[in-house]
Amino acid sequence: MRVLGIETSCDETSASVVEDGNKLLSLVTSTSLDLHAQYGGVVPEIAARSHIEAIMPVIEQTLSEAGNNEPKLTENGLNIWDSIDAIAVTYGAGLGGCLLVGVMTARTLAITKNKPLYAINHVEAHVYANFLTELAPGLADAYKLPSSQPDFPCLALIVSGGHSQLVYFKDHFDYILLGQTVDDAIGEAFDKVAKILGLPYPGGPSIAQQAVSGNPKAFDFPKAKLHTENTDLEKFRKEMDTNPSNNKTNYDYSFSGPKTAVLRTIQKLCGKNHDFPSFKLAELLSESQKADIAASFQRVAVETVVDKTVQAYNEFQPKSVVIGGGVAASPELRRQLAEKLPISIQYTDPKLCTDNGAMVATLGCFKREHQQPTADPYSLDIQPNLSM
Ligand code: KG4
Ligand code: ZN
């Protein structure tokens with residue numbers, strides 16, 4: 001079974017063909033990141049316009065590469081579309097104008113090529129990047145993949161520019177949202193702190209780079225203590241009969257406190273008050289001050305999600321832990337998880353952590369295999385605020 005996956009929720013136009021939910025046949029991504037870098041963040045209108053230009057060439061290229069990478073798909077004069085069983089497309093969460101381009105394209109193709117259509121939740125798809133374990137012959141060594149698929153129950157930490165969530169998967173399509181950020185996503189916090197430090201977008205990698213020469217203990221930015229309510233979590237705790245001593249803590253977290261603390265620290269270091277324009281602060285900082293702030297913020301932000309992950313692991317004892325989303329590529333996140341988590345994680349390739357069509361196609365394969373409902377190609381609508 002082969003699924004064409006289409007992803008356009010943010011600044012990547014990406015399409016991929018995946019076989020049986022574990023084998024990557026092709027992946028083509030065009031990004032408008034360079035166009036956004038000068039603004040310090042994604043400009044939705046520019047991203048949407050770029051998707052319109054890129055979407056058809058990206059889909060055509062991924063189909064043709066699938067045929068080249070896996071010759072059985074086109075032998076005896078077979079048309080590549082004959083090998084595609086379904087189309088999967090991200091319909092939320094994401095930027096409205098961007099989602100529209102992918103969804104309208106997928107709907108049109110589903111009608112004209114007469115293929116079933118699956119509507120994909122972007123955040124859920126990030127988890128499914130971890131289910132790819134095999135490459136088509138033509139892709140040999142292009143990606144470093146885990147040797148086996150995660151076992152259920154599986155704890156998933158999804159950390160990206162738009163999402164920070166901790167989810168317990170009992171099985172495919174049966175999960176509980178344990179906790180999430182109550183304000184900024186971790187990637188968004190990295191992007192904002194990078195902007196204050198005058199570092200280029202995207203912030204995660206540029207903070208990581210600046211942090212290399214910094215002291216992660218130079219500043220102790222505060223972590224938020226939250227007492228939010230999560231009735232699903234409470235129900236799940238009863239069902240699992242977990243250790244009551246854990247029941248005082250929950251799994252939500254926040255990044256707005258440490259992010260504001262960074263700004264206040266920089267203002268103090270520069271001898272400026274709140275009225276001073278924040279975009280002018282970076283030029284007053286030395287390289288070593290920037291490095292110390294980057295390293296300290298990175299430590300605290302990563303500790304925030306890692307500590308919750310370890311706490312959830314200890315409370316619910318899943319068989320596996322996976323991470324997904326752009327920040328999953330962070331070396332500091334991987335280092336802290338390796339240090340603190342009792343089991344090891346099989347990471348996927350960093351190229352499959354950021355937004356891509358392969359994670360969408362993979363989840364599409366599982367939806368088809370598990371007879372999940374298809375979407376109506378005449379009416380599927382986008383859901384920019386879709387949650388897990
Ligand atoms: O998953 P993604 O590509 O898009 C969203 O769904 O948001 O994640 C993008 C985010 C950005 O905030 C970027 O700063 C962060 O992922 N990111 C990283 C790394 N690569 C991308 N953060 C830390 N380390 C990285 N290597
Ligand atoms: Zn994403």
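Read the numbers this way: they start at 1 and go in the same order the structure lists the ligands and their atoms. From a predicted model like this one, the values you see are computed outputs, not experimental measurements.
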Checklist entry - What do the steps show when you test Glu315 against Gln311 for side chain to side chain donor-acceptor pair (under 3.5 Å), and what is the final call? => result CA-CA 6 Å; Glu315 181 171 3; Gln311 184 190 325; 5.3 Å; no

Next on the checklist: Using a plain distance cutoff, I'd like to know if His126 has any nitrogen or oxygen under 3.5 Å from a nitrogen or oxygen of ligand 1.
Outcome noted: yes

Checklist entry - Which is closest to atom 12 (O) of ligand 1 by heavy-atom distance: Val159, Asp184, Asp191? => result Asp191

Checklist entry - Looking at the Zn ion (ligand 2), is one of the N, O or S atoms of Cys10 less than 2.8 Å from it? => result no

Checklist entry - Do Thr354 and Thr31 pass the side-chain contact (heavy atoms from CB on, under 4.5 Å) test, and can you show the C-alpha distance, the side-chain angles, and the key distance before you say yes or no? => result CA-CA 11 Å; Thr354 46; Thr31 178; over 6 Å; no

Checklist entry - Among Gly187, Ser9, Gly161, whose heavy atom sits nearest atom 9 (C) of ligand 1? => result Gly161

Next on the checklist: Gly162 versus ligand 1: do any nitrogen or oxygen atoms come within less than 3.5 Å of each other?
Outcome noted: yes

Checklist outcome for this item: Of all the N, O or S atoms in Asp355, the one nearest to the Zn ion (ligand 2) is OD1

Checklist entry - When you measure from the Zn ion (ligand 2) to each N, O or S atom of His122, which atom gives the shortest distance? => result NE2

Checklist entry - Taking atom types as modelled and ignoring hydrogens, do the side chains of Ser9 and Glu7 form a donor-acceptor contact shorter than 3.5 angstrom? => result yes

Next on the checklist: List ligand 1 atoms under 4.0 Å from Ala329, heavy atoms only on the residue side.
Outcome noted: 26 (N)

Next on the checklist: Looking at non-hydrogen atoms alone, which of Pro205, Cys353, Gly203, Gly324 comes nearest to atom 25 (C) of ligand 1?
Outcome noted: Pro205

Checklist entry - Nearest to atom 22 (N) of ligand 1, what protein heavy atom do you find, and at what distance? => result Gly204 CA, 3.2 Å

Next on the checklist: Once you measure the plane-to-plane angle for Phe169 and Tyr128, does it fall in the parallel (<30°), tilted (30-60°) or perpendicular (>60°) bin?
Outcome noted: perpendicular

Next on the checklist: Gly325 versus ligand 1: do any nitrogen or oxygen atoms come within less than 3.5 Å of each other?
Outcome noted: no

Checklist entry - Should the pair Glu19-Lys72 be classified as a salt bridge under the 4.0 Å nitrogen-to-oxygen rule? => result yes

Checklist entry - Would you call the rings of Tyr253 and Phe255 parallel, tilted or perpendicular if under 30° counts as parallel and over 60° as perpendicular? => result perpendicular

Next on the checklist: Between Leu178 and Phe316, is the side-chain contact (heavy atoms from CB on, under 4.5 Å) condition met? List the steps.
Outcome noted: CA-CA 10 Å; Leu178 299 180; Phe316 299 109; 3.9 Å; yes

Item to check | Working for side chain to side chain donor-acceptor pair (under 3.5 Å), residues Asn69 and Ser26 | outcome: CA-CA 7 Å; Asn69 293 334; Ser26 65; 5.4 Å; no

Item to check | Ion pair check, Asp85 and Arg368, cut-off under 4.0 Å | outcome: no

Checklist entry - Are any of the N/O atoms in Thr354 less than 3.5 Å from those in ligand 1? => result no

Checklist entry - Which is it for Asp355 and ligand 1 at heavy atoms under 4.0 Å: side chain, backbone, both or neither? => result both

Next on the checklist: Tell me the nearest of Ser330, Pro331, Gly326 to atom 1 (O) of ligand 1, using heavy-atom distances.
Outcome noted: Gly326

Checklist entry - What do the steps show when you test Val123 against Gln165 for side-chain contact (heavy atoms from CB on, under 4.5 Å), and what is the final call? => result CA-CA 9 Å; Val123 184; Gln165 282 157 339; 3.0 Å; yes

Item to check | Protein heavy atom at shortest distance from atom 15 (C) of ligand 1 | outcome: Val327 CG2, 3.8 Å

